[in-house]
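For reference, the structure discussed in these notes is given below.
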Amino acid sequence: MTFDEGQGYVVLATMAVPLVAAFLLVLVPGTQKMWVRYISAVTGAIVCGLSIYIFAAYQVDGSHTQMTLRWVWVENTAFLGKDGVTLYLAVDGISSTMALLTGVVAFAGAIASWKIEYRNKDFYILYWTLLAGVFGTFFSYDLFFFFFFYELAVMPLYLLIGVWGSTRKEYGAAKLTLMLVGGSVLIWIGVFATFHEANLGTFDLPKLWAAGQDGTLSPTFQKTFFPMMVIGCGVLAALWPFHTWSPDGHMSAPTAVSMVHAGVLMKLGAFGIIRLGIQLMPEGAAFWMPGLMVLGVIGAVYGATAALTQRDMKLISGYSSVSHMGYVLMGLATMNQIGVTGAVLQMFSHGVMTALVFLMIGAIYDQAHTRDMKDFGGVTRVMPLWVIFYTIAGLANVGLPGFSGFTAEFHIFVGTFKTYPVFGGMAIFAAALAAGYMLRLFAIVFFGPMSPRWSDLKDLTALERLSGGMLIASIVMMGVWWAPFTDRISSAVTLLPGVTS
Amino acid sequence: MGAEQAWLLAAIPAGFFLLLSFFGRPMPRGGDYFGVISIGTSFVLFFFVLADFLDTPGKVGPIVNSIEWSNIGDFHLRMGIYIDPITITMFGVVTTVALMVNIFSIGYMKGEPRYYWFFAVLQMFAASMLMLVMADNLLLVYISWELVGVCSFLLIGFYWEKRSATEAAKKAFITTRVGDVGLLIGIILLFKATGTFNIQEIIHAAEAGEIGQAYLFIAVMAIFLGCMGKSAQVPFHVWLPDAMEGPTPVSALIHAATMVVAGVYLTARLLPVFAVADGALLVVTIVGLTTALLTGFMALAQTDIKKVLAYSTVGQLGFMFVALGAGNPSVAMFHLATHAFFKALLFLGSGSVIHATHHNQEMDKLGGLWKKMPITGTTFFVGSLALAGVIPFAGFWSKDEIFVALNEAWGGWAVLLLGLAAVMTAFYTTRLFIRTFMGKPKDEHVYEHTHESGFVMTGPLIFLGILAAVSGFVVFHGVGKAIGFPGGITEFIFLEHHGPHRYEMDWGFAAGSIGMATVGIWAAAWMYWGNSTRRSTVLAEWSPGLYDMLQKKFYFDELYQAAIDRGVLGFSYVVAWFDRYVVNDTGVDGSAQATGFAGGVLKYLQTGRVPNYAMAIALGVAGLAVAGLVVRG
Amino acid sequence: MRDYTIFIPEYIAAGSAVAIIGLELFMPKFRKDGLAYLTALAAVAWFVAGLFFIGKDPKSFQGLIASDDFTTYFRLLAAGIVFVVALMSAHYMRDRTKTASEYYGLMLVGGCGMVYMAAATELITAYISLELLSFTLYILVGYLKRDNLSSEASLKYILLGAFSSAMFLYGMSLIYGVTGSTTYAGIAEALSGRESGTDPAVIVGFMLILAGVGFKVSAAPFHMWAPDAYEGAPMPVTAFLSTLSKAAGFALILRLFSAAIVVDAAEWRWAVMVLAALTMTMGNLIAIQQKNLKRLIAYSSIGQVGYMLITIAAIGYGDPQGGINATSGLLIHIIGYVASTLLFFTALTAAYNKTGRDDIDGLKGLAETQPFLALVITCSLFSFAGLPFFAGFATKLFMFQGATTSETMWVVGLAVLNSFISLYYYLMIIRQMYLYEPVGETARWKVNPVLGGLAVALVLAVLFIGMYPGPAFTVSEEAAKPLFEPGVATGMARVP
Amino acid sequence: MATEVLWWIFAAAIVAFSAGTVFSRSVLHSAIFLIGSLAGVGAMYLFLTVEFLALVQFLIYGGAVTVLILLALMLTRSDARGTPDAVNGPQLPFALLVSGGLMAVLIGVAAGTDWRPGGVPDSPTNIGIETISERLFADFGAPFVIASALLLVALVGAIILARQEEGE
Amino acid sequence: MVPLENYLVLSAIVFALGVYGVLARRNAVLVLMAIELMLNAVSLNFIAFAAYLDPGKITGAIFAVFIITVAAAEVGLALAIVIRLFRNRATSNVDEAAILKW
C-alpha cells in the first residue's frame with residue numbers, strides 16, 4: 001500500500017470538519033452559548049490535530065503531490081471536457097506547511113473567541129466557514145475550487161468585522177471586503193482567460209500548469225495576465241499599493257478575525273501568487289518578477305516606516321503586516337530556491353507571530369477598551385505574562401534569531417541577495433526599522449511608570465495562555481529547528497517552474 | 001568531556017535560563033544559587049575544554065564538530081562549533097567574569113524586584129555569548145549576536161519603571177541593530193560569494209582570492225559596521241554610556257567585559273578576510289583611533305562614576321580595534337582579556353560603592369571612601385592602575401603590545417595619537433579614583449551611612465583584583481609554560497596564522513608607555529589632589545565652551561536625536577500621511593466615492609417621465625442604427 | 001403538420017387560468033389565498049406535464065412553434081416561477097385586493113406567453129407571444145389599481161412597451177423585406193443566400209430588433225421603464241417581472257439570434273457587446289444610490305442582464321460548439337438567477353407583509369427580529385453577488401466562462417468588475433440587517449409557514465446549484481443543443 | 001398615370017394628417033387628424049391591392065379604435081372640447097432632432113437597400129382575400145390561437161382595471 | 001407605377017412622425033395615438049413588402065392582420081390604464097405621473 005491511498009480523506013476531513021461544525025452550530029439554539037463554545041473548541045482541536053497530521057505525514061522524499069482525493073464534479077458538459085471540474089484535493093510541501101499554520105491559528109483563534117457573548121453562535125458559524133475556505137484554497141488542485149474556496153474565505157469577513165468589530169468597523173469591514181473581492185475580480189478574469197486560452201476543457205490545475213509550461217498558454221498571454229493574477233492575489237497579500245485595507249481592517253476586526261485574517265488569509269494571497277502566478281504562468285513570472293520585487297521592497301520599507309509613528313497598537317501590526325508580506329513577495333520574486341522557500345517560511349512565520357500579536361492586543365483591549373499606546377505605560381506590573389507573550393511576538397516580528405521571523409527573513413534575504421543585492425539591503429534596513437517600531441511599543445506600553453487607571457487589569461486567562469502558548473511553540477519551533485519546514489517547502493519549491501537553485 | 005562537547009558550555013546556562021524563567025519566581029531566594037551553579041559548571045567545563053585542547057596529540061589544531069541543520073536544494077546549512085585558541089581565550093574571559101558577576105549580584109541585587117529574572121537573563125546572556133564565540137559559521141554568530149543583544153536589552157531595561165532605563169535599553173538595541181543591518185548584509189554578501197557560512201571556508205576562499213577586491217571590501221566593511229555597533233565604536237558609541245542605566249553587575253558583565261567585545265572578537269575571527277581586502281585594516285585602525293581619542297576626551301568631564309567607566313570601556317575597545325587594525329589579533333585578544341578583568345573589577349567596585357552609598361554614583365558627592373571601604377578601595381586602586389597602564393599591572397602589558405604592533409603596522413603617527421588617548425586614560429582614571437576614594441567626603445550625609453560590602457561582593461573583587469594585577473604576566477614565555485601551555489602562551493595564541501612568536505620586552509616602548517601613564521596621572525593628581533577645587537576647574541575656566549562640549553560629549557546625542565526626529569520620524573510621518581490621505585483616502589476611498597458619485601449622477605437620468613424614457617429608447621435606436629451604418633456599411 | 005399534443009402543458013395552464021377566473025366569478029366567497037394554492041397546484045400539473053416532453057424528438061407546429069428541449073426547459077422554468085410567485089402572492093394579494101382570480105389567471109397565461117416566446121420559430125408567433133406576455137404584465141403591474149404607484153408604473157410600462165414594440169415591428173418588417181420570410185429558418189437561409197450582410201436594411205433591422213428585445217429584457221438604454229415598473233408593481237409581480245419576463249426575453253433572443261440572424265452576426269454582435277457593457281455599468285452604478293429595495297433589485301437585475309447579454313454576443317463570435325457553450329452558460333445562469341431572485345422576493349414579501357416597508361432601512365435589525373429571513377436574504381444577495389456555495393457563484397462563473405472568447409474578453413472583464421461593484425450595494429442591505437439594531441419593536445415574530453417553507457426550499461435549491469451545478473449544467477446544455485443542431489440554423493456566422 | 005397622381009395626393013394627405021396628429025395643439029383635433037391618417041393608410045392598402053386589409057383598417061381603426069380614443073379623451077379631460085395640449089417643452093428640440101434623424105435613417109434604408117437582388121417588380125401583385133384567409137387559418141393557426149388568448153387577456157385586463165369599485 | 005420605395009419612404013415618414021409624437025406629447029392618449037401612427041407605418045411596410053416581393057406567401061399581409069389586432073387590443077388596454085390613472089391622479093399627462101423616479 002502506497003502512502004497516498006486513503007490519505008486524501010484526511011485532507012477532505014480537514015476542510016470539511018469546519019463546515020460540518022458550522023452546520024452543527026446552525027442547529028444549536030443561539031441561547032446555548034456554552035454549547036457553541038464547546039463545539040467550536042472541539043472543532044478547533046480536531047482541525048489542529050488533522051493539520052498537524054498532514055504536516056507530519058507529508059513525506060519529504062515522496063511524490064510531489066500527496067494525499068490526493070478526486071471527485072468528479074462536472075464534466076463532459078458544454079465547454080467542460082474530461083475532468084472539467086473536479087473536487088481535486090491534495091497537498092504539496094507548501095500547502096502542508098500552510099495547513100499546519102491554518103490549523104494552529106484556527107484553534108488558537110477559536111479559543112481566543114471564548115469571551116464573545118454577543119451572538120457567539122453566528123460568530124462561530126462564520127468563523128468556521130471562513131476557515132473551511134482557507135483550507136479548501138490551500139488544498140485545491142482545481143482552478144474552479146481554488147477560486148471557490150478563495151472567495152469563500154473572503155466572504156464571511158464583512159459580517160465578522162462589521163458585527164463583532166470595533167473602531168470604525170463598518171468602514172473597515174466594507175473597505176476590506178471590497179478590496180479583497182476587488183482583487184479576486186482580477187483573478188476571476190484571469191481564470192476565464194486561462195481556461196479559454198488553454199482550451200483543454202478542464203479546470204484541473206496540474207493540467208493547466210503543464211499547459212503553462214509547454215507553451216499552450218502563449219508567452220504573450222502569460223505576460224498579459226500574469227500581472228492580473230498577481231495583483232489580484234496581491235491585494236490579499238497586502239501588495240503595495242493595494243494594502244490599505246490591512247491597517248484599517250485589522251484595526252476594526254475582532255481578535256480572532258484579526259488573528260485568522262492576518263495570520264492565514266493574507267497567506268492565501270501569496271499562495272495564490274505561487275499557484276496561479278509562478279506555477280501557471282512561468283513565462284509571465286519570468287518577465288514580471290522584477291516588478292513584483294520592486295513592489296515588495298516598497299511594501300517592506302513603506303510598511304515599516306509608516307508603522308514607526310502609529311499610536312494604535314493594531315495599526316502598528318497592520319503596517320508591520322504590510323512590511324512582512326512585502327518580504328514574502330520579495331521572496332517569491334527572487335525566483336530562486338532559497339528565496340521562495342524563505343517566502344513560504346515567512347508566510348508561516350508571519351502567520352503565527354501576527355496571530356499572537358493580535359491575540360495579545362485583543363487580550364488588553366477587551367479590558368482597557370483602548371489601544372492607544374499613549375494611554376498605557378508600565379503594564380508589565382499588572383500583566384507580566386501578557387508582556388512576555390507580546391514581547392516574544394514582537395521579537396519574532398523584529399526578526400530576532402531563535403524565533404521564526406529570523407528564519408524566514410534570513411532565507412528571503414539570502415535569496416534576494418542572490419539576484420537583487422540592493423533590494424536585499426533595503427529589506428534588511430526595513431528589518432531594522434521593525435526594531436524601531438516594536439521597541440517603541442515596548443517602551444511606551446510595557447515600561448515606564450504605570451498609570452493607576454490600569455491597576456485592575458487582569459493578566460492572560462488560561463485560555464489565552466493556551467492559545468498563545470501554541471503559537472509561541474510554533475514560533476520557537478521554526479526559529480530554532482527549521483529543517484522540517486524547509487524540507488517540506490523546498491521539496492515543492494524545487495519543482496516550481498522557473499525557480500533556480 | 002572532550003572539546004567536541006564544548007557546546008555544553010552554552011547549553012547548560014541556557015537550560016538554567018529556562019529553569020529560572022519558568023520556575024525561578026517561587027524558588028527560595030529566586031534561585032540565585034542556580035545562577036552560580038550554572039556558570040560555575042561552565043567555568044569548570046572551560047578547564048576541561050582547555051585541557052582537552054592542549055592534550056590533543058600532535059599539532060594543536062582547531063576542533064570542529066558540526067551537524068547538518070537544513071537543506072534547501074543544494075544549499076546545505078551546517079551548524080557547529082569551532083574551537084581554537086581565540087575561542088578558548090574567550091571562554092576563559094566570559095566564564096570567569098560571568099561567574100564573578102553572578103556571585104557579586106547575589107549581594108548587590110538583594111531585595112530587588114524580579115530578582116529571579118535577573119539571574120535568568122544572566123544565564124541566557126552567558127549562553128549566547130559562549131555560543132557566539134564557538135560558532136563555526138557566521139549564521140550562528142549572527143544568531144547568538146542578536147540574542148546577546150536581546151539579553152542586553154532586557155538587562156539594561158531591568159528597572160523598566162524608570163523611563164530613562166527603558167529609553168536606554170531601546171537606544172542600545174536599536175543602535176546595535178542598525179549596525180546589525182550591516183552585519184547581516186556582510187554575512188549574506190560573503191555567502192553569495194562563497195556559497196557557505198562556514199567561517200573557515202570563507203577565510204580560505206578569501207585568501208585564495210576567489211572574491212573580488214571591491215566586493216570583498218564592501219562585504220567586510222558591512223560586517224565591520226556590525227562590529228562597530230556592538231562594540232560601540234564612534235559613531236555608534238552613544239548607547240554604551242546610556243546603558244549604564246542597567247544594574248551595575250550587568251554593566252560589568254555585558255558592557256565592559258564580554259558583550260561589547262563581541263565586535264572585537266568577530267573582527268579578530270575574520271581578520272584574515274579583512275587582511276585580504278585592501279584598506280579594510282586601515283579603516284579599522286582609524287575607527288579604533290578615533291574612538292579611543294574622542295571617548296577619552298568625553299570621559300574627562302564626566303562626573304558619574306559609571307559613565308566615566310563606560311567611556312573608558314569604549315576607549316579601550318578602540319585600543320583593541322587599533323590592535324586589530326594593525327593586523328595583530330593575538331594582541332587584541334590579549335588586551336581584551338586583561339581589559340575584561342580589570343574593567344569588570346572597576347565596575348563591580350563601583351557597584352560596591354554605589355551599593356554602599358545607597359545608589360549614589362556622582363563623584364561630586366563622594367570622596368574619602370577608602371577609609372570606609374578598604375577592600376573595595378584597594379581592589380579599585382589595582383584596577384585603576386591596570387587601566388591607567390601602570391607597570392606591572394595587566395593593562396600595561398597589553399597596551400604596550402598594542403603600541404608595538406601599531407608601530408609595526410602603521411608607524412609613528414598612529415602611535416602618537418593612541419599615546420594621547422593613553423594619557424587621557426591615565427588622567428581620567430586617576431581623577432575618578434581620587435575623587436571617589438581620596439580626599440575628604442564631599443557629602444557628609446552620604447559618607448556617614450557608607451559601609452563596606454559583604455564578602456559575597458568583595459570576594460569577586462579580590463579575585464578579579466588578583467587577575468588584574470597578574471594576568472599580564474602570561475605574556476612572558478616562561479609564565480605561559482609554567483601554567484601549562486606547551487610552547488608558551490604566545491605559541492598558543494598565535495596558532496596557525498602568524499607562527500610561533502616569542503614576546504620580547506621592547507624597553508623603548510615600555511618607557512614611552514610608562515611616561516604616558518605618568519603624565520596622565522600627574523596631571524590628574526595635580527588638578528584633583530587635596531581639597532582645593534581651584535585647580536579642578538581650570539579647564540572650565542580656561543575655555544567654558546570646550547568644557548561644555550566635553551561634558552555634552554561632542555553633542556553626539558543631540559545630533560542623533562535631531563537626525564532621528566527630523567529624519568526618520570519625519571519621514572515616517574510623511575509616509576503615514578501619504579498612506580492615509582493619498583493611497584487610502586484618495587486612491588481607495590476616492591475610487592469608491594467616484595463610483596458612488598457616478599451612480600448618483602447617472603440616477604438622475606431616470607427622471608420618471610415617459611417622454612424622457614421614450615427619448616432614451618429613440619436615441620438608443622438611432623444611435624445603434626447610425627453606428628451600425630457607419631461601422632459596417 | 002398540426003400536432004396539438006405539443007401544447008398539452010399549456011392547455012393545462014390556460015385551462016386552469018380560465019377555471020380559476022370562473023371559480024371566483026361563480027364563488028365570490030372563495031378564499032383568495034386558496035386561489036393561490038390552486039394556481040400553485042396548476043403550476044405543478046403544468047410542470048409535471050412538461051416533464052414528459054424532456055428529451056422527446058423535437059416537433060414543430062406548422063414550422064412556427066418548435067417543441068424541443070429548449071422549449072421544455074422554459075416550460076418547466078415558467079411553471080416553476082408561477083408556482084413560487086403564486087405561493088408568494090397568497091397573503092399579499094389577499095390583504096390588498098378585492099378580486100384575485102384574474103391575477104392568478106393572468107399569471108398562468110403570462111407563463112404560457114413565455115413558453116411560446118421560447119418555442120416560436122417564426123416572427124409573427126414570436127411577436128404575438130411577446131405581446132401576450134407583455135399584456136399580462138401590463139395588467140399585473142397595475143393590479144393594485146387604487147395604488148398610485150401601481151397604476152403609474154403600469155401606464156409607463158404599457159406606453160413604453162408599445163413604443164418599443166413598434167420599433168421591434170419596424171425592424172422585423174425590414175428583415176422581412178430583405179429576406180421575404182418570417183420563419184427563422186427562412187430568414188437564415190435568405191440571409192446566407194445574400195452576398196453580403198451589409199445592406200442598410202439588414203443593419204438597421206437588426207438594430208431595431210435589438211432595441212425591441214432589449215426593451216423586453218431591459219438593456220440600457222431601453223431599460224428605463226424597469227425600475228419604475230418594479231417599484232410600482234405589487235411585490236410578487238416584481239418577482240414575476242424580474243424572473244419570468246427576463247427569462248422569456250432571453251428565450252426569444254436566444255432562439256431568434258441563434259437560429260435566424262446569427263448568419264450575419266458580424267452586423268450585430270458588436271452592438272450587443274456595447275449594450276451589454278452599457279447595461280451592466282448603468283445598472284450597477286445607479287443601484288449603488290438606491291433606497292428602495294425593489295428599485296435596487298431592478299437596477300441589479302439590469303446589471304445581470306448586462307452579464308447575460310455577453311453570452312448573446314459570444315454566440316455571434318463562436319462556432320456552433322461555442323454557441324452551445326455560451327447558451328448553456330446563459331441558461332444555467334438563468335436558473336441560478338431566477339432561483340436567487342425568487343428567494344429574495346419570498347423573504348422580502350414575508351418581511352413586507354409584517355412591516356409594510358420595502359426600503360432598505362425597513363430591514364434594519366432584521367437579524368434580531370427575524371434571523372431566519374435575514375439569513376435567507378443574505379443567501380440570496382450573496383448568490384447575486386456570485387459568492388461561493390450559492391448558485392450565483394457557479395452559474396455566473398459558467399456563464400462568463402462560456403461567454404469568454406478572444407473578442408468578448410474585455411466585456412467579460414468589465415462584467416466581473418461590475419459584479420464587484422454590485423457587491424457594495426448588496427453589502428449595504430446586509431449591513432442594515434446585521435449591523436444595526438431594529439427600530440421600534442424588537443420582539444421576534446413568526447414567518448408565515450408557507451413563505452418560510454418556500455424560502456427553505458429555495459435556499460436549498462440555491463445551495464444545491466451552487467455546490468453541485470453538474471445536473472443543472474447538463475440540463476442547460478441539453479436545452480441549448482437544439483438551437484445549434486444542423487438543420488435548425490442553416491449555418492453559423494459568416495466570417496467577417 | 002392617374003393612380004400615381006392619386007397616390008401622391010393620398011401620400012401627401014397621410015403625411016399631413018399624421019403631422020397634424022402629432023403637432024396639433026388640440027387633442028380633439030389630433031384625434032380627428034388621426035382618423036384621417038388611418039383612413040389614408042387604408043387607402044394605401046387599396047393601392048397595394050389588399051382590399052380586405054383596407055376594409056379591416058377602415059372598420060377597426062377608423063371605427064373602433066378612434067371611437068375608443070375619443071371616448072378616453074372625453075373621460076380624461078374635464079372639458080371635452082379640448083384645451084391646447086402643451087408639448088414637452090425642453091425636450092421638443094431634441095424630439096425633433098431625433099425623430100428627424102430616425103426619419104433620415106429609415107428613408108435612407110428604404111432608398112438605399114437592394115431589396116431583391118433580381119430587381120423589384122414595378123407594381124404590386126394582387127392579393128386576394130382567399131389567399132389571406134387560407135394563409136391565416138391554414139398556416140398561421142398557432143399565432144391565431146395565441147392572438148385569441150391575447151385578446152382575452154386584454155379584455156379581462158381592461159375590465160378589471162377600468163371597473164369602478166365601491167368607494168370610488 | 002408606384003415603386004416600392006415610395007411606400008417605404010412614406011412609411012418611414014409616418015413612423016418618424018409617430019416617434020416625434022411619443023417624444024413630444026404630454027397627454028397619454030396622444031402618446032397612444034402617436035404609437036398607432038407608428039404601428040400603421042409598420043403595417044404599411046409589411047403589406048408593401050408582401051405585395052411587391054412576396055405575393056405568393058403574403059406573410060407580410062398576415063403580419064399586418066396581427067399587428068392591427070394587437071394594436072386594437074393594446075389601445076383598449078392602455079386606455080383602461082389611462083383612465084385608471086386619471087381616477088387616481090386626476091391627470092392623464094404622462095409627465096405628471098412621475099412619482100416613481102431616480
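The shown structure was predicted, so the numbers you read here are calculated from the model rather than taken from an experiment. Labels below follow one simple rule: chain letters A, B, ... track the order of the sequence lines, proteins then strands, and each chain is numbered from 1.
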Pick from [options] with the largest number of heavy-atom pairs that fall under 4.5 Å of chain D:
options	answer
E:Leu17, E:Asn45, E:Val9	E:Leu17
E:Ser43, E:Ala78, E:Ala28, E:Gly56	E:Ser43
E:Val82, E:Val70, E:Ile58, E:Leu32	E:Ile58
E:Gly18, E:Pro55, E:Ala41, E:Ala34	E:Pro55
E:Leu77, E:Leu4, E:Val75, E:Leu10	E:Leu10
E:Val65, E:Leu85, E:Ile81	E:Val65

If you count heavy-atom pairs under 4.5 Å with chain E, which of [options] comes out on top?
options	value
D:Tyr45, D:Phe144, D:Phe140	D:Tyr45
D:Asn126, D:Val153, D:Ile69, D:Val109	D:Ile69
D:Ala154, D:Ser123, D:Ala31	D:Ser123
D:Pro143, D:Gly42, D:Ala147	D:Pro143
D:Leu96, D:Leu155, D:Thr3, D:Leu151	D:Leu96
D:Val50, D:Thr21, D:Thr113	D:Thr21

Quick one: what part of [X] sits under 4.5 Å from any heavy atom of chain E, side chain, backbone, both or neither?
X	result
D:Val98	side chain
D:Val56	side chain
D:Leu48	both
D:Ala64	neither
D:Ile127	side chain
D:Leu34	side chain

With a sphere of 6.0 Å drawn around CD of D:Glu4, does it hold more than 12 non-hydrogen atoms of other residues, nucleotides or ligands?
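Count over threshold, so yes.
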
Is there a side-chain contact (heavy atoms from CB on, under 4.5 Å) between D:Trp7 and E:Asn6? Walk through the geometry before answering.
CA-CA 10 Å; D:Trp7 191 91; E:Asn6 283 18; 3.3 Å; yes

Taking ring pair (Phe, Tyr, Trp, His ring centres under 6.0 Å) as the definition, give me every residue that meets it alongside E:Phe46, ordered by chain and number, with sequence neighbours left out.
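Once residues adjacent in sequence are excluded, the partners of E:Phe46 under the ring pair (Phe, Tyr, Trp, His ring centres under 6.0 Å) criterion are C:Tyr176, E:Phe63.
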
Distance from [X] atom [atom1] to [Y] atom [atom2], nearest 0.5 Å?
X	Y	atom1	atom2	result
E:Asp54	D:Arg116	CG	CZ	8.0 Å
D:Asp139	E:Thr59	CG	OG1	8.5 Å
E:Ile83	D:Leu161	CD1	CG	10.0 Å
E:Ile68	D:Leu38	CD1	CG	10.0 Å
D:Ile14	E:Asn40	CD1	CG	9.0 Å
D:Ser99	E:Ile13	OG	CD1	12.0 Å

Give me the atom names and distance for the closest heavy-atom approach of [X] to [Y].
X	Y	result
E:Arg25	D:Val22	NH1-O, 2.6 Å
D:Pro121	E:Leu53	CD-CD2, 4.4 Å
E:Gly76	D:Leu68	CA-CD2, 3.5 Å

Please examine the side chains of [Y] and [X], heavy atoms only from C-beta on, and report whether any two atoms are closer than 4.5 Å.
X	Y	result
D:Met103	E:Val19	no
D:Ser37	E:Leu37	yes
D:Phe47	E:Val2	no
D:Leu102	E:Tyr20	no
D:Val27	E:Val29	no

Donor-acceptor contact below 3.5 Å, side chain E:Arg84 vs main chain D:Ala158
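No, because the side chain of E:Arg84 does not come within donor-acceptor range (under 3.5 Å) of the backbone of D:Ala158.
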
Does E:Arg87 use its side chain to pair, donor to acceptor, with the backbone of D:Ala162 at less than 3.5 Å?
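Judged by distance alone, yes, a pair lies under 3.5 Å.
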
Given the rule in the side-chain contact (heavy atoms from CB on, under 4.5 Å) test, do D:Phe33 and E:Met33 qualify, once you have shown the distances and angles that lead to the verdict?
CA-CA 10 Å; D:Phe33 283 132; E:Met33 285 154 62; over 6 Å; no

Sort E:Phe66 into side chain, backbone, both or neither according to what part of it lies under 4.5 angstrom from a heavy atom of chain D.
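Only the side chain of E:Phe66 comes within 4.5 Å of chain D.
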
Counting only heavy atoms closer than 4.5 Å, note whether E:Tyr7 contacts chain D via side chain, backbone, both or neither.
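Both backbone and side chain.
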
Please list, chain by chain and in numerical order, all residues satisfying side chain to side chain contact (heavy atoms under 4.5 Å, CB included) with E:Ala72, sequence neighbours excluded.
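E:Ala72: side chain to side chain contact (heavy atoms under 4.5 Å, CB included) contacts with D:Ile60, D:Val65.
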
Starting from the C-alpha separation in whole Å, work towards a yes-or-no answer on side-chain contact (heavy atoms from CB on, under 4.5 Å) for E:Glu36 and D:Tyr61.
CA-CA 9 Å; E:Glu36 292 306 316; D:Tyr61 265 124; 2.9 Å; yes

